[in-house]
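In what follows, chains are A, B, ... by sequence order, proteins preceding strands, each numbered from 1.
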Protein chains: 2
Amino acid sequence: MKRAEEGQAGALTMQKIAELAGVSAMTVSRALKSDASISPETRARILDIVSRIGYVPDATARMFASRRSGFVAALVPSLNNSNFADTVRGMEEAFGPAGLQLLLGDTEYSLSREEDLISALLQRRPEAIVLTGGVHTPAARQMLAKAGIPIVETWDLPKAPLDHVVGFSNEAAGAAMVHYLYERGRRNIGFIGGATNLDTRGSERRAGYARAVRELGLSRSRVVTFGKPPVTMSQGGEALDLMLKQWPEVDAILCVSDLSAFGVLMECQRRGVAVPQRLAIAGFGDFEVARCCHPRLTTIAVDCQGIGRRAAEIVLSALEAKKSGEVLPPETVVMPFEVVARETV
Amino acid sequence: MKRAEEGQAGALTMQKIAELAGVSAMTVSRALKSDASISPETRARILDIVSRIGYVPDATARMFASRRSGFVAALVPSLNNSNFADTVRGMEEAFGPAGLQLLLGDTEYSLSREEDLISALLQRRPEAIVLTGGVHTPAARQMLAKAGIPIVETWDLPKAPLDHVVGFSNEAAGAAMVHYLYERGRRNIGFIGGATNLDTRGSERRAGYARAVRELGLSRSRVVTFGKPPVTMSQGGEALDLMLKQWPEVDAILCVSDLSAFGVLMECQRRGVAVPQRLAIAGFGDFEVARCCHPRLTTIAVDCQGIGRRAAEIVLSALEAKKSGEVLPPETVVMPFEVVARETV
DNA sequence: CGAAGCTGTGTTAACGATCCCATCATGGGG
DNA sequence: CCCCATGATGGGATCGTTAACACAGCTTCG
């Protein structure tokens, strides 16, 4: 019964096509590959039959026979974040045409969840894996090393990379924004970010803030941490309250992301705090909301999609090299970031 | 060389484990399944060896041998949209524990891209497929019917469902918001949405708007369409300009999503248009930005994550039924939506 | 003109797990 | 004491495709 239904599709196999075309299964297989040696006439005849009868090759069997899964695993802290979604899109753009399927995992900013996902995804024998960030559990590092596939860490510049890297220095970005605020005359600069170190990129930005404040000889650092990542817009607003209570003299706030910066901005409007006259606000990530809100948010722009695209290109060339037995030496691509001056500073 | 590296992991097979444990490969297989008939001692001994030596079963081979892929395909119009990202998260929460891996595809609001993705994903022999919306190309419908797997269409209530449905009436939602605006005394209500019919949910909402305007006997409908989906925040602002030029008397605007509504709101602030006194604004989707902006956006809330979770539950029960040869009758789950009154109306 | 190389195709043997059935103990009931 | 049900394990066959090699028929070139 169930068999019969599936029979239509399930029974269709290369062998059947081969019989219809009067060739061997192998020839059908060759007809479906672009680079195989087969006469144009035979290929045309087979492809015609294939399309007319609606045969779809079984990718599972192909993977199994060729020992190539056609998968690339990618882990992001959150899919519900336009920056990472852009990176995923960049990867898809490059992997799709190459016939590679992206296996996505959402770590929810948790290293242990990352470890679980790595172990689960490795069962699928991906041909490469793209990670976000440079911090992983020891078990995860071990599994990855043992997997023997190209690895790309993104969005960060790890001290001890596992393999390839496509990222930028979040620490430098944080410092750069402090310098920008300083240039614009701000002297009492605060920082709002997450309460944990789970978002390592956020922690790096905070470290950059602290370094710059020290370097510039500003009297003290004013840091309000709030909530687990991802830090929400609303939490930005709540953090502003704490910030103003503790350091009423603060005249500029650097936020871990545009989302929290937006929350701060809206809370300022509710309280009648003049932005940027009384308080300057800076974000990170150049989210759409930062370009559109009023006043427009000064922020740091990164080419998120470019990170994904570059990561994918590295994976593709590593896989290409692997065909001829080579192993590409680890490569680190440093992506630029840019302070985007708008209206909140 | 390359072989040698992979040798560590690649050479490990059930046969090896079986030899080490002094049993047959079949017994190792049983030890790794939870419901197989095997003695507790044997299982414990095998599992001990497995974990000590770090053997990871090859999911590809398992898929192939058991004719079960462990995949569920899911197509969304855009990953970079918090509503759909939430739906994906809802699915992941339900599929993960069930050992199913989500294969995600991003249709970019294009039916032909959806068709391509369906054809590509079907090669992976997913056990079920979750789609967004109820409109698909004829070729796509045919492929899906032929695949003989459970299908769930989400985020809409298709007239002719392919199989199961978890959605709500976008048309009714659009109409409901018009009625709400009417109750609040607005009589000159406009609509801002995308210029194409690619976003079928958006088109439905517009249809609901048009119907409600007619029903309420409002003099005319005022529709500004702008850009391809996804309609951005900035496009909302630009559309406001067109709206005010064409119909200066408009006193309320219903937007296809919170993102465009937010763009409208910000543009109002730049122009000094008082919201809601002079102009009421309503959005759709209850995005975080709607909850956090100032003034807070009146919108329509849907349980996006719940849609994903319910869709996954239906898939799981359909797969469960399939084991015993049954085919579940098509089920339609209507999710509620709710007008969330805030400060822009 | 024969050796060598190329092209197009077929044959065979995997790939690594699971399925189905057979087999062998073991123990309880007649 | 024997028979049969039950539980635990093993032995092949098998899933659909591709890799590797074989080979026939041509062309090319010394």
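- Side-chain nitrogen and oxygen atoms of B:Thr13 include none within less than 4.0 Å of the OP1 or OP2 phosphate oxygen of C:dC15.
- Residues passing the side-chain contact (heavy atoms from CB on, under 4.5 Å) test with A:Val135 are A:Leu111, A:Thr200, sequence neighbours excluded.
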Any chance you could lay out the side-chain contact (heavy atoms from CB on, under 4.5 Å) test for A:Arg89 and B:Leu79, step after step, and finish with the verdict? CA-CA 8 Å; A:Arg89 201 135 52 90; B:Leu79 275 176; over 6 Å; no
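- Between B:Ser39 and D:dG7 there is no side-chain polar atom (N or O) within less than 4.0 angstrom of OP1 or OP2.
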What verdict does the side chain to side chain donor-acceptor pair (under 3.5 Å) test give for B:Thr107 and B:Ser110, after you've listed the backbone C-alpha separation in whole Å, the side-chain angles of each residue and the deciding distance to 0.1 Å? CA-CA 6 Å; B:Thr107 68; B:Ser110 151; over 6 Å; no
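- When the C1' atom of D:dA19 is taken as reference, atom CZ of A:Arg67 falls 7 Å away, rounded to whole Å.
- The shortest heavy-atom contact between A:Glu114 and A:Thr132 is OE2-O, 4.2 Å.
- Proximity note for B:Met14 (side chain, C-beta onward) versus D:dA20, C:dT9, C:dA17: the nearest is C:dA17.
- Here the P atom of nucleotide C:dG8 and the CZ atom of A:Arg45 are 14 Å apart, to the nearest Å.
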Validation: residues 70-77 of chain A side-chain donor-acceptor distances under 3.5 Å, sequence neighbours left out:
none

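- Counting non-hydrogen atoms of neighbouring residues, nucleotides and ligands closer than 6.0 angstrom, the CD atom of A:Gln142 reaches no more than 12 such neighbours.
- Rounding to whole angstrom units, CG of residue A:Leu12 and P of D:dC15 are separated by 15 Å.
- DNA chain C is contacted by B:Asp58, B:Ala61, B:Arg62, B:Phe64, B:Ala65, B:Ser66 of residues 58-66 of chain B, taking any non-hydrogen atom closer than 4.0 Å.
- Going from atom CZ of B:Arg68 over to atom C1' of D:dG16 covers 18 Å, rounded to whole Å.
- Atom pair B:Arg30:CZ and C:dC20:P shows a separation of 12 Å (rounding to whole Å applied).
- Nucleic acid contact for A:Ser24: base, since at least one base atom lies under 4.0 Å from a heavy atom of the residue.
- For the pair B:Met26 CE and D:dG11 C1', the computed distance is 11 Å after rounding to whole Å.
- Spacing between atom CD1 of B:Ile46 and atom P of C:dA17 amounts to 13 Å, rounded to whole angstrom units.
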side-chain contact (heavy atoms from CB on, under 4.5 Å) for A:Val130 and A:Thr87? Distances and angles first, verdict last. CA-CA 11 Å; A:Val130 179; A:Thr87 299; over 6 Å; no
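- Not one side-chain nitrogen or oxygen of B:Tyr55 sits closer than 4.0 Å to the OP1 or OP2 atom of C:dG16.
- Nucleotide D:dG16 holds its P atom 20 Å from the NZ atom of A:Lys33, rounded to whole Å.
- Using a 4.0 Å heavy-atom criterion, one finds that B:Ser37 contacts the bases of the nucleic acid, with or without backbone contacts as well.
- Axis orientation changes by 40° from one end of the helix from C:dC1-D:dG30 to C:dG30-D:dC1 to the other, with each end axis drawn from 5 pairs and the value rounded to 10°.
- The side chain of A:Thr42 contributes no N or O atom lying less than 4.0 Å from OP1 or OP2 of C:dG8.
- Sorted by first and then second residue, the side chain to side chain donor-acceptor pair (under 3.5 Å) pairs involving residues 304-317 of chain B (not counting sequence neighbours) are B:Glu93-B:Gln305, B:Arg310-B:Glu313.
- In this structure A:Phe95 satisfies the ring-ring contact (aromatic ring centres under 6.0 Å, His included) test with no other residue, sequence neighbours excluded.
- Looking at heavy atoms from C-beta onward, A:Pro150 lies out of side-chain contact with A:Leu328 at the 4.5 angstrom threshold.
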